[in-house]
Student: 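Before I ask anything, let me first share the structure, which is written out below as C-alpha cells.
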Amino acid sequence: AIALAAAAAVDEPEDGLELGLRWLDMVDDLETADSLGWLLIGPALQAMESEDELAAMVKDERPMVRRTAVMGCLSALPVRVEGPAAAALRERAGERHIQMVDAPNSALLAKVMLQAVRDRDPHVLRAVGRVLRGWGESDAEAVTEFIETCPGGMQKRLREQAEKGARKGRRR
C-alpha cells in the first residue's frame, strides 16, 4: 500500500502526506516506518516545501515517528531507492534504478540531524547513521562541517558513519 501511495503522491503530495501521517499512527515495525519516511512522507513534505515538519517529527515522543522522520531524510539525498516498496516508483518512472533528488538538500539534513544525533533509541540512531553516511557520500564537505560544528559532538559510531561516507564521497 505504501508503494502505491508513494507512486500516486508524485501527482498529489498533499493527499499522500495525509495518508502517510494517518498510517504513521499505526506503525509498529521498522520496515514500514522506513518505507513511510523515505518513499511517502519525506518526498511529500519536500514537494510541498514543508521540510520543517521532518525536524518537528524528530522531536516526537514515539520512536517509530522519529525513525520515520530520519528515514524521510533519505528522500533529500541522491541515493538509490531500495526495497520492495520502491517497485511502484520504479515502474512509474520506467527506470530500473531511481533516486528522489539529484543533489542533496544539506540545509534540511543539517536541521534534522542536529535533533536526531541526540536520540536515545538504538533504532533511530541506526537510521541516523545511514543518513549521515549517505549525506557524506553525496556532500562530503557539508557533512564534515556538520561533524565539526555539532554542539557537544556526536557519538563515536555516528561520527564514524559520517566520516566513512565523506571518505567515499571524496574518492568519487
Side-chain angles (χ1 to χ4, degrees), residues 1-106 108-113 115-117 119-139 158 161-162 165:
I2 294 170
L4 296 174
V10 171
D11 297 323
E12 296 292 333
E14 297 89 6
D15 293 339
L17 178 62
E18 181 182 331
L19 186 57
L21 292 175
R22 200 168 354 150
W23 285 341
L24 187 56
D25 290 333
M26 298 178 268
V27 171
D28 63 353
D29 68 289
L30 298 175
E31 189 173 313
T32 303
D34 293 353
S35 294
L36 266 178
W38 189 0
L39 303 178
L40 187 57
I41 294 175
L45 287 171
Q46 288 186 78
M48 296 168 49
E49 298 180 7
S50 301
E51 295 111 340
D52 290 342
E53 293 297 318
L54 280 178
M57 287 172 66
V58 173
K59 297 176 187 174
D60 195 279
E61 63 187 32
R62 298 167 291 175
M64 285 298 167
V65 173
R66 298 192 309 266
R67 169 98 179 202
T68 300
V70 170
M71 290 301 287
C73 290
L74 286 177
S75 67
L77 288 169
V79 295
R80 188 180 298 176
V81 177
E82 304 168 349
L89 288 170
R90 288 193 294 266
E91 183 66 30
R92 179 184 170 113
E95 298 287 329
R96 213 169 149 207
H97 303 290
I98 61 168
Q99 57 192 36
M100 296 293 185
V101 294
D102 293 326
N105 184 343
S106 291
L108 167 67
L109 294 165
K111 185 183 295 185
V112 175
M113 290 297 103
Q115 300 292 326
V117 294
D119 205 292
R120 298 213 180 274
D121 187 271
H123 299 299
V124 175
L125 291 176
R126 272 192 215 106
V128 170
R130 184 174 182 186
V131 170
L132 288 173
R133 189 174 59 246
W135 186 17
E137 290 174 13
S138 60
D139 192 352
L158 294 178
Q161 290 292 312

Student: I'd like to know if the side chain of S35 and the backbone of T32 have a donor-acceptor N/O pair within less than 3.5 Å.
Tutor: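 Side chain of S35 to backbone of T32: no pair is present.
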Student: Can you measure from CD1 (I98) to CD (E91) and round to the nearest 0.5 angstrom?
Tutor: 10.5 Å
Student: Does the side chain of V70 reach to within under 4.5 Å of the side chain of M113, using non-hydrogen atoms?
Tutor: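 Yes, their side chains come closer than 4.5 Å.
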Student: Tell me the closest heavy-atom pair linking V81 and A86, and the distance in Å.
Tutor: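 Heavy-atom minimum between the residues: CG1-CB, 3.1 Å.
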Student: One pair to check against side chain to side chain contact (heavy atoms under 4.5 Å, CB included): E14 and E18. What are the steps and the verdict?
Tutor: CA-CA 6 Å; E14 297 89 6; E18 181 182 331; over 6 Å; no
Student: To the nearest 0.5 Å, how far apart are CE in M71 and CZ in R126?
Tutor: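 It comes to 12.5 Å.
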Student: Do any N or O atoms from the side chain of R66 and from the backbone of D60 form a donor-acceptor pair under 3.5 angstrom?
Tutor: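 Present.
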Student: Apply the test side chain to side chain contact (heavy atoms under 4.5 Å, CB included) to residues K111 and D52: give CA-CA distance (whole Å), side-chain angles for both, the deciding distance (0.1 Å), then the verdict.
Tutor: CA-CA 8 Å; K111 185 183 295 185; D52 290 342; 2.6 Å; yes
Student: Find the distance between CG (L39) and CD (E82) and round it off to the nearest 0.5 Å.
Tutor: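 Nearest 0.5 Å value for the CG-CD distance: 10.0 Å.
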Student: Grab the two heavy atoms, one from G134 and one from V79, that are nearest each other, plus how far apart they are.
Tutor: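 Of all heavy-atom pairs spanning G134 and V79, the closest is CA-CG1, 4.4 Å.
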Student: In chain order, what residues pass the ring-ring contact (aromatic ring centres under 6.0 Å, His included) check against W135, with sequence neighbours excluded?
Tutor: F146
Student: M64 vs V124, test: side chain to side chain contact (heavy atoms under 4.5 Å, CB included). Steps then yes/no.
Tutor: CA-CA 8 Å; M64 285 298 167; V124 175; over 6 Å; no
Student: Is there a side-chain contact between D102 and P78, using heavy atoms and a 4.5 Å cut-off?
Tutor: no
Student: Write out all pairs satisfying salt bridge (charged side-chain N to carboxylate O under 4.0 Å, His left out) with one or both partners inside residues 28-44, taking only residues at least two apart or from two chains.
Tutor: D34-R67
Student: At their closest point, which heavy atom of C73 faces which heavy atom of V131, and how far apart are they?
Tutor: CB-CG1, 3.9 Å
Student: Taking side-chain contact (heavy atoms from CB on, under 4.5 Å) as the definition, give me every residue that meets it alongside L21, ordered by chain and number, with sequence neighbours left out.
Tutor: L17, L24, I41
Student: Quick check against the 3.5 Å criterion: does Q46 have a side-chain atom that pairs as donor or acceptor with the backbone of S75?
Tutor: yes
Student: Does a side-chain heavy-atom distance below 4.5 Å link P63 with H123?
Tutor: no
Student: How long is the straight-line distance from CG of L109 back to CG of L77, given to the nearest 0.5 Å?
Tutor: 5.0 Å
Student: I need the minimum non-hydrogen distance between S106 and D139, along with the two atoms involved.
Tutor: OG-OD2, 2.7 Å
Student: Provide the closest heavy-atom pair for R130 versus W38 in the form atom of the first, atom of the second, distance.
Tutor: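 Closest approach of R130 to W38: NH2-CZ3, 3.4 Å.
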Student: Please report the shortest heavy-atom distance between A69 and V58, naming the atom on each side.
Tutor: CB-CG2, 3.6 Å
Student: Is there side-chain contact between R62 and D25, with heavy atoms separated by less than 4.5 Å?
Tutor: yes
